[in-house]
Number of protein chains: 2
Amino acid sequence: MSDLESLSALIIEFYEKLSSWEHAVVRGSSLTLPQMHTLEILGQQPSLRMKELAAKMGLTTGTLTVTVDRLEKRGLVSRVPHETDRRSVLVALTPKGQAIFEAHHAMHLRLTQELCASLSEEQAQSLRAILRTMNQAF
Amino acid sequence: MSDLESLSALIIEFYEKLSSWEHAVVRGSSLTLPQMHTLEILGQQPSLRMKELAAKMGLTTGTLTVTVDRLEKRGLVSRVPHETDRRSVLVALTPKGQAIFEAHHAMHLRLTQELCASLSEEQAQSLRAILRTMNQAF
DNA sequence: GTGAGTAACTTGATAATCAAATAAACCGCG
DNA sequence: CGCGGTTTATTTGATTATCAAGTTACTCAC
């Protein structure tokens, strides 16, 4: 197996494990994966239009409409009319949604902490630089 | 922002980008994400029982049954009775399914190659060691 | 053999998803 | 101003994904 292939396999394995972890954590939260994903994105922006949110999630706006409907019905997000463009709707977290996001984000931190605990300080620094570079290369 | 938080953010960003990439690539393949995921797992094992496959994907066997039904109907996987345990069914890729898996795997390799092209040789080596460590820490 | 446990499938219900159609609002240009 | 093309969100219709719970067929220990 070439170097490249082994690195590819390691990346895929890492991705799969993160994915399983996320899946398992969200399962225990009474929300579905797309619903939690929506909250996660909204947690990092004050508010987004449906179009922007759909683009960030790689979905059509039609799909997103029903997901936001459900989240709104549960009081986790709110729709606010756009101030200058009346076609648009701004979606934002409610305090209740914000609380769920923060709890979930805290679990991300805890996971990261555990993963990094197995690395040396130099490796952690190195990983930071590597990820910065790779994220830009996308 | 603490070191830990920034590293967490970088990992999440990396994960999100891999996820978007996978989503986009699979979209253009006439298969759905769970279907391709099934092929990806089967591509790395000669064959698996439904139970094992479901466990690897974090699904119930009920869910998997219908996904495998669809893949079988399209001639991408086959069900073979287990030799000694007649309750069990072994699922394996057909040649057609194998071909799709290999094409998809090749795209993974190409992506990895692009990502690593932005790294120095030392960084690539370092990343390999880091991923090995973190994958074990899970 | 009988009974507890296991593997896959089925059923019923909810959620996710897309493509295409619709409705409302924007914007530029005459 | 007012028209036509564009953009934004929603709706509709159809397929797929998913789970929990129930069913059926099989295994294995006793």
Side-chain angles (χ1 to χ4, degrees), chain A residues 19-20 22-42 45 47-74 76-92 100, chain B residues 19-20 22-42 45 47-74 76-92 100:
Chain A
S19 179
S20 297
E22 179 78 2
H23 201 276
V25 167
V26 172
R27 282 246 108 275
S29 78
S30 88
L31 289 181
T32 65
L33 216 44
Q35 288 169 0
M36 184 62 85
H37 192 195
T38 305
L39 299 189
E40 284 184 68
I41 295 194
L42 289 175
Q45 329 272 334
S47 70
L48 286 172
R49 293 182 301 165
M50 293 292 288
K51 189 74 186 300
E52 298 167 329
L53 187 50
K56 272 189 194 291
M57 300 181 68
L59 301 175
T60 63
T61 58
T63 299
L64 190 60
T65 292
V66 316
T67 297
V68 169
D69 282 349
R70 286 192 243 275
L71 289 172
E72 196 178 23
K73 201 162 296 175
R74 299 179 62 159
L76 305 183
V77 306
S78 61
R79 277 187 241 237
V80 184
H82 192 286
E83 297 183 0
T84 63
D85 185 344
R86 275 187 296 168
R87 292 169 304 178
S88 292
V89 176
L90 292 175
V91 187
I100 291 180
Chain B
S19 178
S20 297
E22 179 78 3
H23 201 277
V25 167
V26 173
R27 284 246 106 275
S29 78
S30 88
L31 290 181
T32 65
L33 217 43
Q35 288 169 1
M36 183 63 85
H37 193 195
T38 305
L39 300 188
E40 285 184 67
I41 294 194
L42 289 175
Q45 329 271 336
S47 70
L48 286 173
R49 292 184 300 165
M50 293 292 288
K51 190 76 186 299
E52 298 167 330
L53 188 50
K56 272 188 193 293
M57 300 180 68
L59 301 174
T60 64
T61 58
T63 299
L64 190 60
T65 292
V66 315
T67 298
V68 170
D69 282 349
R70 286 192 244 276
L71 289 172
E72 196 177 23
K73 202 164 293 174
R74 299 178 62 159
L76 304 182
V77 306
S78 61
R79 276 187 242 237
V80 184
H82 193 286
E83 297 181 2
T84 62
D85 187 343
R86 276 187 294 170
R87 292 169 305 179
S88 292
V89 176
L90 292 176
V91 187
I100 292 180

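Only heavy atoms go into these numbers, but all of them, side chains included; no hydrogens, no water, no symmetry mates.
- Applying the side chain to side chain contact (heavy atoms under 4.5 Å, CB included) test to I100(B) and every residue at least two apart in sequence or in another chain returns L31(B), M36(B), L39(B), L76(B).
- When DNA chain C is scanned in the 5' to 3' direction for atoms under 4.0 Å from non-hydrogen atoms of chain B, the outermost contacting nucleotides are dG5(C) to dC18(C).
- Mapped onto DNA chain C by nearest heavy atom, H23(B) and M50(B) fall at different nucleotides, with M50(B) at the one closer to the 5' end.
- The CE atom of M50(B) sits 4.0 Å away from atom CG of L64(B), with the distance rounded to the nearest 0.5 Å.
- T63(A) pairs by the side chain to side chain donor-acceptor pair (under 3.5 Å) definition with T60(A), not counting sequence neighbours.
- R86(B) meets the side chain to side chain donor-acceptor pair (under 3.5 Å) test with no other residue; sequence neighbours excluded.
- Separation of atoms CZ (R27(B)) and OG (S20(B)) is listed at 13.0 Å; rounding is to 0.5 Å.
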Per-nt protein contacts along nucleotides 22-30 of chain D (heavy atom under 4.0 Å; B base, S backbone sugar-phosphate only, - none) come out as ----BS---
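- Counting only residues at least two apart or on different chains, the salt bridge (Lys or Arg N to Asp or Glu O under 4.0 Å) pairs with a member in residues 50-70 of chain A are R49(A)-E52(A), D69(A)-R79(A).
- The shortest heavy-atom contact between G58(A) and H23(B) is O-CE1, 3.7 Å.
- Summarising the geometry of V91(B) relative to L42(B), their closest heavy-atom pair is O-CD2, 3.6 Å, with the distance given to 0.1 Å.
- Annotation: proximity of residues 28-40 of chain B to DNA chain C (heavy atom, distance under 4.0 Å) is found for no residue.
- The heavy-atom pair separating T67(B) from P34(B) by the smallest distance is CG2-O, 4.4 Å.
- Legend: residues meeting side chain to side chain donor-acceptor pair (under 3.5 Å) with T65(B), ordered by chain and number and at least two apart, are absent.
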What protein N or O atoms touch nucleotides 2-4 of chain D N or O atoms at under 3.5 angstrom, if any, and at what distances?
none

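- Partners of Q45(B) by side chain to side chain donor-acceptor pair (under 3.5 Å), not counting sequence neighbours: none found.
- Nearer the 5' end of DNA chain D, as judged by each residue's closest nucleotide, is the contact made by S88(A), out of S88(A) and R27(A).
- Separating the CD atom in E83(B) from the OG atom in S88(B) is a distance of 12.0 Å, to the nearest 0.5 Å.
- Here R70(B) reaches the OP1 or OP2 of dA17(D): one of its side-chain N or O atoms lies under 4.0 Å away.
- The OG atom of S19(B) sits 9.5 Å away from atom CD of E22(A), with the distance rounded to the nearest 0.5 Å.
- Looking at residues 53-69 of chain B, you'll see G58(B), L59(B), T60(B), T63(B), V66(B) sit with a heavy atom under 4.0 Å from some atom of DNA chain D.
- Using a 4.5 Å heavy-atom threshold, the side chains of S30(A) and R74(A) count as touching.
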